[in-house]
Amino acid sequence: NLPILIFYSEFIPKNILQLLINLEAITQKIIDNQAATSKTITEVQSGLKTGDVNKIKGHAGALQNVTRTLTSILPKG
């Protein structure tokens with residue numbers, strides 16, 4: 001929990017504290033996007049299994065959003 005980390009920040013090196021804060025932010029983004037990502041992936045898998053091209057096409061925008069979200073979460077490097 002972030003408030004606990006800040007309380008102990010005098011005992012934690014600044015670079016480790018920043019790393020933990022960054023990890024918490026990444027984790028929150030993953031949690032926030034999990035439901036939409038899961039639904040999109042399930043629907044696309046269903047379309048692939050049944051050969052339903054319209055179902056796959058219908059989720060093209062959602063797949064782009066998932067890709068953008070995952071890309072924004074990954075560290076730049």
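Heavy-atom basis, side chains included; hydrogens, waters and symmetry copies ignored.
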Applying side-chain contact (heavy atoms from CB on, under 4.5 Å) to Glu24 and Leu20, what does each step give before you reach the verdict? CA-CA 6 Å; Glu24 191 273 338; Leu20 294 171; over 6 Å; no
Nearest heavy atoms of Leu48 and Ile56, plus distance in Å: CD2-CD1, 3.5 Å
Measure across Thr67 and Thr71 and return the closest heavy-atom pair with its distance rounded to 0.1 Å. O-OG1, 2.7 Å
Going from CG on Leu70 to OG1 on Thr37, what distance comes out if it is rounded to the nearest 0.5 angstrom? 6.0 Å
Say you draw a straight line from CD of Gln28 to CD1 of Ile73; how long is it, rounded to the nearest 0.5 Å? 10.5 Å
How long is the span from the CD1 atom in Ile26 to the CD1 atom in Ile21, to the nearest 0.5 Å? 12.5 Å
Testing Thr40, Thr42, Ile41 one by one against Ser38 for a side chain to side chain contact (heavy atoms under 4.5 Å, CB included), which residue passes? Thr42
Can a side-chain donor-acceptor contact be found between Ser46 and Lys55 if the only test is distance below 3.5 angstrom? yes
Quick check for you: to the nearest 0.5 Å, what is the distance between Leu63 atom CG and Lys57 atom NZ? 14.0 Å
Taken to the nearest 0.5 Å, the spacing of Gln18 CD from Leu23 CG works out to 10.0 Å
When rounded to the nearest 0.5 angstrom, what is the spacing between CG in Asn22 and CG in Leu17? 9.5 Å
